[in-house]
Amino acid sequence: MKIINASFFIKEDKRETFLSDIKALIESTRLEKGCLQYHLYESLEETNHFMMVENWENQEAMDEHGKNPLLQRLFKDIPEYSSKAPELKVSEVIE
């Protein structure tokens with residue numbers, strides 16, 4: 001299983017647009033083959049700091065997700081939404 005933790009640091013004036021876009025992406029992604037979990041969380045200590053936690057069955061599922069048009073749109077728009085660069089960490093479960 002592959003795990004992605006993506007941190008987003010969103011400008012206050014872009015918060016609602018970001019949330020609208022990301023909610024559509026979440027709904028779409030949860031229907032994708034190989035998606036085991038896809039949740040967005042907001043920090044209790046830092047307003048507008050969001051963490052997306054994704055669990056994927058395998059690398060192939062992650063690769064297919066990369067083709068999702070809503071994800072591609074988020075990648076395109078994220079510089080406009082962000083107060084600083086997103087942070088991405090990819091891990092793998094060791095059994």
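Taking CD of Glu92 as the reference point, atom CD1 of Ile4 lies at 11.5 Å (rounded to 0.5 Å). Separation of atoms OH (Tyr38) and OG (Ser28) is listed at 8.5 Å; rounding is to 0.5 Å. Here the straight-line distance linking atom OG of Ser7 with atom CZ of Phe50 works out to 11.5 Å at 0.5 Å rounding. To the nearest 0.5 Å, atom CG of residue Leu70 and atom CD1 of residue Ile26 are 11.0 Å apart. From Ser91, atom OG reaches atom CG of Asn5 across 6.5 Å, with rounding to the nearest 0.5 Å. Note that the CE atom of Met62 and the NE2 atom of His65 stand 8.5 Å from one another [nearest 0.5 Å].
Between the side chains of Gln72 and Asn68, no donor N or O sits under 3.5 Å from an acceptor N or O.
A tilted orientation is assigned to the rings of Phe8 and Phe18, their planes being inclined by 30° to 60°.
A heavy-atom distance below 4.5 Å is found between the side chains of Ile22 and Met52. At a threshold of 4.5 Å between non-hydrogen side-chain atoms, the residues Arg15 and Glu42 count as touching. A heavy-atom distance below 4.5 Å is not found between the side chains of Leu40 and Val53.
Across Ala61 and Gly34, no two heavy atoms sit closer than the pair CB-CA, 3.8 Å. The minimum heavy-atom distance linking Asn48 with Glu12 is given by the pair ND2-OE1, 2.7 Å.
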List the atom pairs, with distances to 0.1 Å, where a side-chain N or O of residues 79-89 and a protein N or O form a donor-acceptor pair under 3.5 Å, not counting sequence neighbours.
{"from": "Glu80", "atom 1": "OE2", "to": "Lys14", "atom 2": "NZ", "distance (Å)": "3.1"}
{"from": "Tyr81", "atom 1": "OH", "to": "Asp21", "atom 2": "OD2", "distance (Å)": "2.2"}
{"from": "Ser82", "atom 1": "OG", "to": "Ile78", "atom 2": "O", "distance (Å)": "2.8"}
{"from": "Ser83", "atom 1": "OG", "to": "Phe9", "atom 2": "O", "distance (Å)": "3.3"}

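By the 4.0 Å N-to-carboxylate-O rule, Glu54 lies too far from Arg30 to be salt-bridged with it.
For Glu64, the side chain to side chain donor-acceptor pair (under 3.5 Å) partners are Lys67, not counting sequence neighbours.
The hydrophobic clustering, which links ILVMFWY residues whose side-chain heavy atoms are closer than 4.5 Å, places Val90 and Met1 apart. One hydrophobic cluster holds both Leu19 and Ile10 under the rule that ILVMFWY side chains link at heavy-atom gaps under 4.5 Å.
More than 12 non-hydrogen atoms from other residues, nucleotides or ligands lie less than 6.0 angstrom from NZ of Lys11.
Panel note: side chain Thr29, backbone Leu25; a donor-acceptor pair is recorded below 3.5 Å.
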